[in-house]
> 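First the structure, which I've put down as C-alpha cells, then a few questions once you've had a look.
Each chain gets a letter, A, B and so on, in the order the sequences are listed, and its residues count up from 1. Keep in mind that the numbers below use all heavy atoms, side chains included, and drop hydrogens, waters and symmetry copies.
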Number of protein chains: 2
Amino acid sequence: MTARGGTSDSAPSGESGAERISDAEYAVMEVLWKRSPQTAAEVCERVCATRDWSMPTVKTLLARLVQKGALATQPDGRRFLYSPLIERRAYVGTESKRMVDRLFGGRAAPLFAHLAENEALTDEDIAEIERLLRELKK
Amino acid sequence: MTARGGTSDSAPSGESGAERISDAEYAVMEVLWKRSPQTAAEVCERVCATRDWSMPTVKTLLARLVQKGALATQPDGRRFLYSPLIERRAYVGTESKRMVDRLFGGRAAPLFAHLAENEALTDEDIAEIERLLRELKK
DNA sequence: GCGATATGACTACATCTGTAGTCTGAACGC
DNA sequence: GCGTTCAGACTACAGATGTAGTCATATCGC
C-alpha cells in the first residue's frame with residue numbers, strides 16, 4: 001500500500017529481512033519472476049523503455065534487491081545472473097493481506113464491496129469468484 | 001498500497017494534488033475520519049499511545065496532510081480544528097484499485113484466490129460476498 | 001597478448017517519510 | 001493587565017526511494 005512509507009516492518013515475503021520492496025524495485029522483480037535468471041542488461045531491455053529508466057537505475061535497483069535478500073546472484077563471466085529469492089505468490093499474498101489489514105481491518109468482504117462498486121469486477125471475475133466460493137464451501 | 005515508495009503519482013483520492021498518504025499519515029486520517037473536527041492534542045490522545053508517538057510527530061503529520069490537501073484547518077482560538085478533505089471511502093477505493101492494478105493487472109479474481117488460499121475469508125465474508133454477487137447479477 | 005568494453009562497485013543528490021526538538025507569540029487564565 | 005502556556009511554525013536528521021553518473025577491472029573478442 002503504497003503509502004509509501006519507509007520504515008515499515010513487513011518482510012518482502014515474510015521470509016527474512018524486514019525491508020519492503022518499493023514500487024520501482026517491484027517492477028524489476030516482475031521481470032525476473034517472468035523469466036530468470038537474467039543479466040542486468042536483459043532486465044533493462046525489458047523495463048527501461050516502458051519506465052524511461054537508464055541502465056544505472058536498473059543496476060541500482062538490482063543491487064538494492066540483492067541487499068534486501070530478494071534476489072540471488074550467480075556469476076557469469078564478468079556479470080551476474082539475477083534470480084528471485086522470494087516467490088511472486090508469496091510476495092503478492094503478503095502485500096494483499098497487508099492492504100486488507102490496513103484498510104479493511106483484515107476483512108475481505110468490504111474490499112469486495114469497494115471493488116464491486118467501482119465496477120472493477122468483470123463477468124469473468126464474478127464467475128471465477130463464484131467458483132472459488134464453491135470450493136471454499138466444500 | 002504499500003510498496004513504499006516516495007515519488008508516486010497517484011492522488012490521495014483522485015481529487016487534487018499528486019501526493020500519496022503515507023502509513024503514518026494514514027493513521028492520523030483514520031482518527032479524523034472517525035471523528036472530526038479535532039485538535040492536534042485530541043488526535044494525539046487517540047493515536048500516540050498505540051503508535052508510541054509524541055506530540056511533535058502528530059503535529060508534523062497533521063501539517064503535512066494539510067500541505068497535501070488532505071486536511072482542512074479551522075481556527076479555534078490558538079489552535080486548529082482538523083477535518084478531512086477527502087472521504088475515507090474514496091481513499092480506500094483508490095488504494096484498493098491501485099494495489100489490484102499493480103499486483104493483479106487490474107483483475108480482482110486473482111486477489112480473491114490469494115485471500116482464499118491464505119484463509120483470509122471468514123464465513124461471514126463469504127456470505128457477504130455471495131450477497132453482493134447476487135446483487136451484481138441483477 | 002592486448003586493447004576494448006561491459007558491468008559491478010561506489011557515489012551523488014533530490015524527495016519522501018518517520019520521528020521529534022525548539023521557538024515564538026497569541027490566546028488563555030487568573 | 002500580565003504572566004503562563006499551548007500549539008503552530010520551523011527545523012533537524014536518519015533512512016528509504018527514485019534516478020542516474022563515474023570508475024576500475026576482469027572478462028571479452030580479435
> To the nearest 0.5 Å, what is the distance between CG (A:L103) and CD (B:E95)?
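Rounded to the nearest 0.5 Å, the CG-CD separation comes out at 6.5 Å.
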> Less than 4.5 Å apart, side chain to side chain, heavy atoms only: is that true for A:Y91 and A:E87?
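No, side chains not in contact.
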> Angle between the end axes of the helix from C:dG1-D:dC30 to C:dC30-D:dG1, five pairs per end, to the nearest 10 degrees?
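The end axes of the helix from C:dG1-D:dC30 to C:dC30-D:dG1 are about 20° apart, to the nearest 10°.
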> Can you check the B:Q67 CD to D:dC10 C1' distance for me, whole Å?
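Rounded to the whole Å, the gap is 13 Å.
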> Could you please name the option among D:dA7, C:dA20, D:dG18 that lies closest to any side-chain atom of B:A41?
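It is D:dA7.
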> Rounded to whole Å, how long is the line connecting atom CZ of A:R20 with atom C1' of C:dC16?
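So the two atoms are 15 Å apart, to the nearest Å.
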> May I ask you to evaluate whether A:K68 reaches the phosphate of D:dT17, defined as a side-chain N or O under 4.0 Å from OP1 or OP2?
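So the side-chain polar atoms of A:K68 do come within 4.0 Å of the phosphate oxygens OP1 or OP2 of D:dT17, strictly under.
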> Return the value, rounded to whole Å, for the distance between atom OH of A:Y26 and atom C1' of D:dG18.
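Roughly 18 Å, once rounded to whole Å.
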> Which of these nucleotides, D:dT19, C:dT22, C:dT7, is closest to any side-chain atom of A:W53?
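Of the options given, the side chain of A:W53 lies nearest D:dT19.
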> When the ring planes of B:F112 and A:F112 are compared, do they come out parallel, tilted or perpendicular, using 30° and 60° as the limits?
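The arrangement is perpendicular - the two ring planes meet at more than 60°.
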> In this structure, how many angstroms lie between the C1' atom of D:dG18 and the CG atom of A:L61, rounded?
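From A:L61 CG to D:dG18 C1': 8 Å.
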> I'd like to know if the side chain of A:E30 pairs up with that of A:Y26 as donor and acceptor (distance under 3.5 Å, no hydrogens or angles considered).
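Indeed, the side chains of A:E30 and A:Y26 share at least one donor-acceptor pair under 3.5 Å.
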> Is the shortest distance from a Lys or Arg side-chain nitrogen in B:R131 or B:E135 to a carboxylate oxygen in the other one below 4.0 Å?
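Here B:R131 pairs with B:E135 in a salt bridge, since their nearest N and O are under 4.0 Å apart.
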> Atom CG of B:D23 and atom P of D:dA16: how far apart are they, to the nearest Å?
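Spelled out: CG on B:D23 to P on D:dA16 is 15 Å.
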> On DNA chain D, compare the nucleotides closest to B:T60 and A:R78; which residue's is nearer the 5' end?
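The residue whose closest nucleotide sits nearer the 5' end is B:T60.
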> Which is more 5' along DNA chain D, the nucleotide nearest A:R79 or the one nearest A:K59? Just name the residue.
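The residue closer to the strand's 5' end, by nearest nucleotide, is A:K59.
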> Out of D:dG21, C:dA12, C:dA20, which has the shortest distance to the side chain of A:R64?
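Ranking D:dG21, C:dA12, C:dA20 by closest atom to the A:R64 side chain puts C:dA12 first.
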> Can you tell me how far P of C:dT5 sits from CE of A:M55, to the nearest Å?
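Going from A:M55 (CE) to C:dT5 (P), I get 17 Å.
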> Heavy atoms under 4.0 Å, any strand shown: does B:T57 hit a base, just sugar-phosphate, or nothing?
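Since a base atom lies under 4.0 Å of B:T57, the category is base.
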> Please determine whether a side-chain nitrogen or oxygen atom of B:S54 lies at a distance below 4.0 Å from atom OP1 or OP2 of C:dT19.
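B:S54 to C:dT19 OP1/OP2: no side-chain N or O under 4.0 Å.
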> Flag the pair B:Y82 / B:V28 as yes when at least one side-chain heavy-atom distance between them is below 4.5 Å, and no otherwise.
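Not touching, per the 4.5 Å side-chain cut-off.
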> Measure the distance from CG on B:D76 to C1' on C:dA26 and round it to the nearest whole Å.
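Taking CG of B:D76 and C1' of C:dA26, I get 13 Å after rounding.
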> Salt bridge or not for B:R51 and B:D23, using N-O below 4.0 Å?
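No, B:R51 and B:D23 are not salt-bridged.
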> How long is the line joining OH of A:Y82 and P of C:dG8, in whole Å?
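It works out to 4 Å between those atoms.
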